[in-house]
> 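Quick one: the structure is below, and I'll ask about it shortly.
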4 protein chains.
Amino acid sequence: MDKVEPVERRRGPSMDRRSERAHRAVLEAAAALFEDVGYARLTIDAVAARARVSKATVYRWWPNKAAVLMEAFLVAIERDVAFPDSGSVRTDLVEQAASLAQVLGERRLGMMVVALLGEAQNDDDLAQAFRGGWQEPRRAAGREVLHRAVERGQLRADLDLELVLDGVYGPVYLRLLYRHLPLDRSEIEKLVDQILDGIIAPNHPQGDLPSGAKSRT
Amino acid sequence: MDKVEPVERRRGPSMDRRSERAHRAVLEAAAALFEDVGYARLTIDAVAARARVSKATVYRWWPNKAAVLMEAFLVAIERDVAFPDSGSVRTDLVEQAASLAQVLGERRLGMMVVALLGEAQNDDDLAQAFRGGWQEPRRAAGREVLHRAVERGQLRADLDLELVLDGVYGPVYLRLLYRHLPLDRSEIEKLVDQILDGIIAPNHPQGDLPSGAKSRT
Amino acid sequence: MDKVEPVERRRGPSMDRRSERAHRAVLEAAAALFEDVGYARLTIDAVAARARVSKATVYRWWPNKAAVLMEAFLVAIERDVAFPDSGSVRTDLVEQAASLAQVLGERRLGMMVVALLGEAQNDDDLAQAFRGGWQEPRRAAGREVLHRAVERGQLRADLDLELVLDGVYGPVYLRLLYRHLPLDRSEIEKLVDQILDGIIAPNHPQGDLPSGAKSRT
Amino acid sequence: MDKVEPVERRRGPSMDRRSERAHRAVLEAAAALFEDVGYARLTIDAVAARARVSKATVYRWWPNKAAVLMEAFLVAIERDVAFPDSGSVRTDLVEQAASLAQVLGERRLGMMVVALLGEAQNDDDLAQAFRGGWQEPRRAAGREVLHRAVERGQLRADLDLELVLDGVYGPVYLRLLYRHLPLDRSEIEKLVDQILDGIIAPNHPQGDLPSGAKSRT
DNA sequence: TGTTAATCGAGACGGTACGTCCAGTCTTGAC
DNA sequence: GTCAAGACTGGACGTACCGTCTCGATTAACA
């Protein structure tokens, strides 16, 4: 991901002239304030004040606080995308799940994701920016890892890769957003093992095994 | 679950008698308005007006709109908890995942979950009510299913059941809250199969199999 | 004038319940601030702050700052209307002109009149309130004085009383609003004499005397 | 009045060349917009936009919108000054009052006078420009007329000419700015007659006639 | 004729106030 | 004695202008 190009930014011949300083200051202020007070109590007034920028300037470049926060989030995480290729699916998946867990596990970023997810339910522009800037690049990386593993014969050929991706990322999200239990490195390894190997007891006659599984014993 | 007893509800001597109509009307109004305008634009004023109740009455029984919505959510879903016991893990897990998908897939309820999840990040009372009224009962049912399967020898004995629960519920949440892809019955079945059986190719020499898996070949 | 009934005040069954304290405080604050900073720099924010009232309360009862100021003005001057009846037109007119001069000559009130006059050019509600609350009562008093004088035979019977009123009040306004020259009591007396007696030289053959005047020599 | 030389105009070496088009365009735009929206809603932004001139250019030549409007007003009326000398005071005064009434009676110009009068209350530069560019030339013309009439013996020698000027102009202002009654040519003639001849009934014993008047019967 | 400094348009900037909306508290009058 | 009705303070909203400030682009007078 070379450059975040937020959907809500108006483009024009003279856009470049706009104050880079103001732009950065707003994003930093938004991130800092978000950490202090959370999304609901975050106000554009406060962001503008902390960034020593006028409110009008904020509204000139972003349509609402969700958009500001989205860009702040994307800036904060954009360097973290990883396309590992160790030759081992297991290692690569652990790597990716851990990278995701690192972002979501950081209090500030995790809360941002929930907040943005909430807003995106009612804001298509936001949803699109979220998907394009955050979700899809990560899934693309995961898809790549899985694809290579299938080609190497490490994974079954008949997999629905999207479903596998959900199988890996879903539990990470769930743990870190509900925060019902911690998710450290060793848990992530257990999770990946579980996904790779399945959970059924070996050598046990299962009355209802699916075709793929049946052939395995 | 006989009765939802929301933590945030203040109790008083005459509460049960006088407020019954008002109480119900508020929850109905909140649910209806939420559907129309979403969480952010839902106002206590509007709820009170629609319920033909004074704002003071709303504040007498709930501390804020998140609490109102939480109770409305819990009322709306409480009949849906399922403790299936078909004798087959696969069937039971599909049943439970489908039950969850049904709730989250219903536009109104799914949005409520995200909204409440967002609010709960900064509101411990809310988080507790959410866990106690929604999340934990469902996990308990799932845990029960898994426990029985382990006892029957259908699942491996060394499993971390919490991690398995996350493995089942996580993907369902992910799909339905990000809405990147649909999740119908057949997808749910594929998901459960995938979890049960794992995804590694059979008979393929995996250089990095975990200990548990290694012993299986 | 028993009661000022500002046009912009919404009437309803529960209007009387509104906080008398807030109402008074707003008018006082508006008058005080007007004196300090003038009309253009008078802000509703400042009025609300000084009155220790929320901005919403101001806007609940008045549509804009001109309306607030109008009511403040009417409250400030309403006790000053005079219906003198000394038996002498001259005395009565001097009395009334002096009363007007006293209001307009007071820096704060004079400036209010100009400001309100300016706003009233583009605001019919305001113009009507201004006429009804300020201008017309005073003209009515003047009309009464003139009418009695005509009946007593002190003034010519063929006068256009409205024009006479303009002849008396006009110069007072002009002096006090342009402030080109002062207007003290003795000037007012000279003015009234001038109006009563005219300015033509006695016994001088005027080639163009009007009919009424001609018969006078 | 050869040339309007507004106090607020900054002069520079090459001003006359470059700015001519812009200068005129601004004044025209200001006048046109004033007519449309009135003083309060007239904005420099709008003036600049309509004149196809940058805001900076407006501020380069005028300190504020009042100054722009003042110059627009002076440009609009400067050709209207009249120094009539018909030999008859009555005719000359009617002429001058009518000339004033023509300006004030034109909706746009009348509103400008009120607006400028209002602003001038708190802006000495403006007040001075108003007096020098509008008020005083007209009064000078009136003073001249009165002076000649006194010299010819048509008016009493003991008059306070300033008070007489106020007596003529004041009513015209009052009528046209309050707009309580129209003021056409015949009304103006009646007004001048009234001022010249006075309003007291001839041959009526006035108990309180002033000295000048007493000697007249 | 080509250089250069003044002036221009465009419009972003930090501010201030606008007028609206809602949160959450409090008062009143009717039932 | 409760409740609806709704006024209240407080404070954020998003908008509109203010007056200042870069920017290039244009231009007119001088080199």
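Naming: A, B, ... by sequence-line order, numbering from 1 per chain. Every heavy atom of this structure was used, including side-chain atoms; hydrogens, water molecules and symmetry mates were not.
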> Excluding sequence neighbours, so at least two apart, what forms side-chain contact (heavy atoms from CB on, under 4.5 Å) with A:V114?
A:L177, B:L117, B:Q121
> Would A:K65 count as a cation-pi partner of A:Y39, with NZ or CZ less than 6.0 Å from the six-membered ring centre and within 45° of the ring normal?
yes
> With A:E28, which residues qualify under salt bridge (Lys or Arg N to Asp or Glu O under 4.0 Å), at least two apart?
none
> What residues in residues 42-52 of chain C put a non-hydrogen atom under 4.0 Å from any atom of DNA chain F?
C:R52
> Does A:A49 have any side-chain contact (heavy atoms from CB on, under 4.5 Å) partners at least two apart in sequence or in another chain, and if so, which?
none
> For A:Y59 and E:dT16, give me the distance from atom OH to atom P, rounded to whole Å.
17 Å
> F:dC8 C1' sits how many Å from C:W61 CH2, rounded?
11 Å
> Please list, chain by chain and in numerical order, all residues satisfying salt bridge (Lys or Arg N to Asp or Glu O under 4.0 Å) with A:D45, sequence neighbours excluded.
A:K55
> Can you list everything that forms a salt bridge (Lys or Arg N to Asp or Glu O under 4.0 Å) with D:R41? Sequence neighbours excluded, please.
none
> A:R52: what forms a salt bridge (Lys or Arg N to Asp or Glu O under 4.0 Å) with it, not counting sequence neighbours?
none
> Examine the base of F:dG10 for any acceptor or donor lying under 3.5 Å from a partner atom in the side chain of C:K55, and report the outcome as yes or no.
no
> With sequence neighbours left out, write down each residue that passes side-chain contact (heavy atoms from CB on, under 4.5 Å) with D:A51, or none if nothing qualifies.
D:A25, D:V26, D:A29, D:V53
> Output the residues of residues 26-38 of chain B in contact with DNA chain E, where contact means a heavy atom of the residue under 4.0 Å from an atom of the strand; sort by number or write none.
none
